[in-house]
Undergrad: 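To start, I am sharing the structure in question, which I have written as structure tokens.
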Amino acid sequence: MYLLPVHRPKLDWTFVQRFCSIQKVLFPSWTSQSALMFGTLLVVTLTEQLIIYQVGVLPSHFYSVLADKDYSGFQSLVGTAMVLILLNSTLKSIDQYICNRMYVSWRRMLTESLHTSYFQGRVYYTLNVLRGEIDNPDQRISQDAERLCKQMSTMASRLIVSPFTLAYYSYHCFYSTGWIGPVSIFGYFVIGTIANKILMGPIVSTLFEQEKLEGDFRFKHMQIRVNAESAAFYRAGKVEHMRTDRRLQTLLETQKSLINKELWLYIGVNTFDYLGGYLSYIIIAIPIFTGIYDGLTPGELSALISKNAFVCIYLINGFTQLIDLSTTLSDVAGYTHRIGELREVMDDILRKQSLSLLISAAQKVYDFNVHAGPADTAFILDHLSYKSPYSDKLLVEDLSLKISQGTNLLVVGNTGTGKTSLLRVLNRLWEAHSGFVHMTTCFGPRGTLFLPQKPYLTDGTLREQVIYPLKDIYPASGSVDDDRIIQFLELAGLSSDVQQNDAESELVLFCRYDVLSPGEMQRLCFARLFYLQPKYAVLDEATSALTEEAEAQLYRTCKRLGMTLVSLGHRSSLEKYHDVQLKLCGGGLWELTKLKGGTRSLEEEEEP
Ligand SMILES: Nc1ncnc2c1ncn2[C@@H]1O[C@H](COP(=O)(O)OP(=O)(O)OP(=O)(O)O)[C@@H](O)[C@H]1O
């Protein structure tokens with residue numbers, strides 16, 4: 001099993017590392033779109049600050065012209081104020097616009113990067129089925145990534161400019177008030193930061209927990225949505241109501257606890273804000289009471305006080321804005337941990353996956369002579385033993401078998417004896433416990449195709465359902481061969497459905513695939529098989545929902561199309577389509593027998 005050490009999410013070094021690694025995704029290079037947008041935002045916010053400074057010192061000019069009764073100076077000042085205010089509001093809107101664009105761009109890059117890892121090899125399978133320590137990967141990719149980008153974009157314009165404004169206003173504050181102003185403001189900020197860091201600690205872990213419960217709650221609703229009919233047959237409304245409410249209660253309890261913890265942070269932040277407002281007067285008062293400005297006229301003094309007040313207040317404001325970001329930062333930290341953790345686990349899976357691929361490639365070269373079979377061999381199993389990932393008991397022990405073209409294999413056995421698990425091992429979803437297993441053909445057309453026990457229908461058009469898992473019509477050069485698709489749907493016994501869906505236009509939206517009966521779904525999967533025409537078809541109880549006549553028709557078509565079949569099933573009627581039977585007896589035991597008749601009896605059946 002893959003397990004990473006459990007880490008309680010906090011504002012710590014792990015957060016910094018995870019945050020930096022996410023930034024590398026968001027800013028892949030200096031010339032990337034987001035880096036350019038970030039640069040533009042910097043220019044816009046700096047210009048905005050310059051304008052704000054000019055707007056901020058306007059009152060001091062007003063005091064001065066009003067005290068001197070300077071009418072023309074007053075007029076030009078009103079004109080300047082109008083222009084500055086217009087400029088300021090335009091720049092502020094551009095600033096918001098860039099932040100929103102950056103959010104979309106970040107979200108695209110982060111989600112695409114998560115998708116790249118998630119869909120690589122069989123990471124999504126390992127993550128969802130085999131590894132329990134990552135809760136709700138879907139929620140992390142869809143919602144947490146979105147919220148992280150949103151919160152970061154709201155922080156961006158305030159954070160980006162703060163080093164410049166702080167330096168600029170510190171200089172002005174020093175110039176106006178001497179060292180006492182900046183030093184007392186810095187000291188005040190350090191105390192505020194330490195207090196907030198302490199208050200933010202519990203919020204990060206509670207937010208992490210809340211997002212997990214949010215995912216669980218959503219998953220419960222999704223479960224009901226997908227299984228609505230089965231639940232309705234059980235009249236399970238009451239019990240599902242109770243269970244769904246229970247998840248909601250747990251979520252709301254955690255949300256309440258988060259809000260309680262945030263209350264202390266809000267108290268801290270607001271106290272810091274209001275105390276900061278008064279601090280500016282203390283700083284301004286010092287040079288006045290120490291007599292530094294004694295030689296000034298009342299008009300000059302009030303203009304100077306207004307200017308100094310603006311500089312001090314703005315410096316304090318610069319720091320309080322940073323402190324105000326604490327609530328956003330604690331959200332960012334929570335989401336960063338959730339996404340960082342997902343990325344680490346996916347990287348870990350990918351590393352192990354490529355390592356096992358390397359080992360198996362090396363083994364393949366080494367074992368080539370030992371295990372090489374005829375050219376038409378699809379699967380080679382040599383002394384293979386396997387077990388389920390959560391158990392120590394072997395499902396099958398020491399199984400040796402070669403599956404070649406023309407030799408159809410039927411795998412039978414009681415429930416839970418490991419039939420589907422054999423396919424998991426063949427497909428490399430599970431690792432073999434010992435022995436050698438190798439699939440010599442490729443997946444898809446001309447190779448091997450698996451029809452899993454639960455038919456999987458994807459979203460999209462009927463054409464896309466039939467050509468699945470291919471992205472495009474096969475072969476790539478071929479024209480859109482809807483006629484072939486319709487022909488194979490008919491062969492699979494789905495003609496009436498096609499006509500219904502096909503009535504208005506060609507093979508368009510197949511939006512009612514979710515209401516197909518299990519039998520119809522299985523027929524649709526056979527239509528896929530006929531379309532792709534692999535050399536080998538591995539069918540896991542692929543006809544369990546169909547009648548024996550339908551089964552016979554589908555199996556005959558497979559054979560006519562030249563496929564070699566490996567079937568898993570319980571029905572004795574399957575025997576006549578196969579040449580060899582592998583019976584799994586449980587406890588690691590198995591029996592391999594030749595079936596009498598097999599292909600021959602099928603040919604006889606077909607003759608009339
Ligand atoms: N994802 C999984 N993780 C852990 N154990 C699993 C997993 N899937 C199946 N198992 C276990 O492996 C064992 C074999 O399961 P398998 O699906 O191979 O049975 P089967 O022979 O195909 O049964 P059936 O005839 O019902 O399809 C079972 O005990 C099952 O609980």
Side-chain angles (χ1 to χ4, degrees), residues 1-3 118 121-138 219 223 226-227 230 345-346 348-349 352-353 356 379 381 384-399 401 403 408-435 437 439 448-456 518-519 521-522 525-526 536-546 548 551 555 565-575 577-578 580-593:
M1 280 310 304
Y2 315 82
L3 278 174
Y118 190 65
R122 41 178 204 275
V123 172
Y124 57 93
Y125 171 80
T126 313
L127 203 60
N128 283 299
V129 180
L130 300 181
R131 283 183 76 144
E133 85 263 31
I134 284 285
D135 67 88
N136 305 300
D138 53 329
F219 180 75
Q223 205 178 35
V226 173
N227 301 299
S230 312
V345 173
M346 289 201 295
D348 187 45
I349 297 173
K352 283 176 177 148
Q353 231 174 59
S356 91
F379 300 103
L381 283 62
L384 172 72
S385 302
Y386 60 85
K387 59 186 182 64
S388 91
Y390 296 125
S391 157
D392 289 332
K393 276 194 208 149
L394 287 178
L395 289 166
V396 166
E397 195 174 355
D398 219 14
L399 173 63
L401 178 69
I403 301 168
N408 302 290
L409 174 76
L410 175 64
V411 184
V412 296
N414 253 334
T415 308
T417 45
K419 300 185 294 298
T420 305
S421 302
L422 175 64
L423 303 191
R424 293 184 184 115
V425 177
L426 281 180
N427 219 327
R428 304 206 75 87
L429 298 180
W430 289 7
E431 294 298 326
H433 175 70
S434 62
V437 56
M439 199 178 106
T448 303
L449 205 79
F450 288 80
L451 290 198
Q453 204 166 4
K454 278 190 221 156
Y456 175 58
M521 285 194 202
Q522 288 193 335
C525 291
F526 270 94
Y536 299 90
V538 184
L539 315 174
D540 188 355
E541 304 195 23
T543 51
S544 56
L546 299 172
E548 284 189 20
E551 178 183 87
Y555 266 85
L565 304 172
V566 176
S567 309
L568 274 61
H570 296 281
R571 273 192 201 158
S572 56
S573 59
L574 284 173
E575 282 178 15
Y577 313 111
H578 299 86
V580 182
Q581 175 176 289
L582 171 68
K583 184 173 180 189
L584 304 185
C585 312
L589 302 174
W590 52 272
E591 284 168 22
L592 199 59
T593 45

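The residues of the chain are indexed from 1 along the displayed sequence. In each ligand, atom 1 is the first atom listed, and ligand 1 is the first ligand listed.
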Undergrad: Tell me, please: is W430 in heavy-atom contact with ligand 1, that is, under 4.0 Å?
TA: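 Contact check W430 vs ligand 1: positive.
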Undergrad: Can you tell me the protein heavy atom closest to atom 17 (O) of ligand 1 and the distance?
TA: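 Answer for atom 17 (O) of ligand 1: R424 NH1, 3.4 Å.
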Undergrad: Compute whether any side-chain donor of one residue and acceptor of the other, for E551 and S573, lie under 3.5 angstrom apart.
TA: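 A pair is found: one side chain offers a donor N or O, the other an acceptor, under 3.5 Å apart.
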Undergrad: How long is the gap from CD1 on I349 to OH on Y125, to the nearest 0.5 Å?
TA: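 Those atoms lie 12.0 Å apart.
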Undergrad: For ligand 1, is any non-hydrogen atom under 4.0 Å from V129's backbone (N, CA, C, O), its side chain (CB onward), both, or neither?
TA: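 Side chain only; the backbone of V129 stays clear of ligand 1.
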Undergrad: Within the protein, is there a heavy atom lying under 4.0 Å from atom 31 (O) of ligand 1?
TA: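 Answer no: nothing from the protein, no heavy atom, is under 4.0 Å.
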Undergrad: Using distance alone, with no hydrogens and no angle criterion, decide if N408 and Y555 have a side-chain donor and acceptor under 3.5 Å apart.
TA: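 Short answer, no.
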Undergrad: What's the spacing between S567 OG and L582 CG if we round to 0.5 Å?
TA: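 One finds 12.5 Å between OG of S567 and CG of L582.
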Undergrad: Output the distance between atom CG (L399) and atom CG (L592), rounded to the nearest 0.5 Å.
TA: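 Rounded to the nearest 0.5 Å, the CG-CG separation comes out at 7.5 Å.
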Undergrad: Measure the distance from atom 18 (O) of ligand 1 to every protein heavy atom, then report the residue, atom name and distance (to 0.1 Å) of the closest one.
TA: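 Heavy-atom neighbour on the protein nearest atom 18 (O) of ligand 1: S421 OG, 2.5 Å.
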Undergrad: Tell me which part of S388 gets within contact of ligand 1: side chain, backbone, both or neither, using heavy atoms under 4.0 Å.
TA: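 It is the side chain that touches ligand 1; the backbone stays farther off.
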Undergrad: Out of T417, L395, N128, indicate the one that has the non-hydrogen atom closest to atom 13 (C) of ligand 1.
TA: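 Comparing heavy atoms across T417, L395, N128, the nearest one to atom 13 (C) of ligand 1 lies in L395.
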Undergrad: Below 3.5 angstrom, do we get any N/O pair linking P389 and ligand 1?
TA: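 Looking only at distances, the answer is no, because the N/O contact criterion of under 3.5 Å is not met.
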Undergrad: So, do L584 and N414 sit near enough that their side-chain heavy atoms are less than 4.5 Å apart?
TA: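 No, every pair of side-chain atoms sits at 4.5 Å or beyond.
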Undergrad: Could you tell me, atom by atom, which parts of ligand 1 come under 4.0 Å of a heavy atom of E541?
TA: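 Atoms satisfying the 4.0 Å criterion: 25 (O), 27 (O).
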Undergrad: Return the CG to OG1 distance between L574 and T543, rounded to the nearest 0.5 Å.
TA: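 The distance works out to 5.0 Å.
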Undergrad: Output the list of atoms in ligand 1 that are nearer than 4.0 Å to some heavy atom of Y390, sorted by atom number.
TA: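 Those of ligand 1 that fall under 4.0 Å from Y390 are 3 (N), 4 (C).
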Undergrad: Calculate, to the nearest 0.5 Å, the distance between atoms OG1 and CH2 belonging to T126 and W430 respectively.
TA: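 The distance works out to 12.0 Å.
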Undergrad: From atom 7 (C) of ligand 1, is the closest protein heavy-atom distance below 4.0 Å?
TA: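 Answer yes: something from the protein, a heavy atom, is under 4.0 Å.
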Undergrad: How far does OG of S544 sit from CG of L539, to the nearest 0.5 angstrom?
TA: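 S544 OG to L539 CG: 11.0 Å, rounded to 0.5 Å.
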Undergrad: Nearest heavy-atom pair of H578 and L409: which atoms, and what distance?
TA: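 That closest heavy-atom pairing would be CD2-O, 3.2 Å.
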Undergrad: Any nitrogen or oxygen of Y125 lying under 3.5 Å from a nitrogen or oxygen in ligand 1? Just yes or no.
TA: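 Not met; the criterion fails.
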Undergrad: Before signing off on this row, confirm whether T415 and ligand 1 have an N or O atom pair separated by under 3.5 Å.
TA: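 It does not: no N or O of T415 is found under 3.5 Å from an N or O of ligand 1.
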Undergrad: Evaluate side-chain hydrogen bond (donor to acceptor under 3.5 Å, both in side chains) for T420 paired with D540, printing each intermediate quantity in order.
TA: CA-CA 7 Å; T420 305; D540 188 355; 2.9 Å; yes
Undergrad: Specify the protein heavy atom at minimum distance from atom 22 (O) of ligand 1: its residue, its atom name, and the distance to 0.1 Å.
TA: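 Answer, as residue, atom name and distance: T420 OG1, 2.7 Å.
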Undergrad: Tell me, which protein residue and heavy-atom name are nearest atom 25 (O) of ligand 1, and how many Å apart are they?
TA: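 Ranking protein heavy atoms by distance from atom 25 (O) of ligand 1, first comes K419 NZ, 2.7 Å.
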Undergrad: List ligand 1 atoms under 4.0 Å from Q453, heavy atoms only on the residue side.
TA: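 This gives 27 (O) as the contact atoms.
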Undergrad: Could you tell me whether ligand 1 has any atom less than 4.0 Å away from a heavy atom of G416?
TA: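 Right, G416 reaches ligand 1.
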Undergrad: H570 heavy atoms, cut-off 4.0 Å: which ligand 1 atoms fall inside?
TA: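 Those qualifying, in numeric order: 25 (O).
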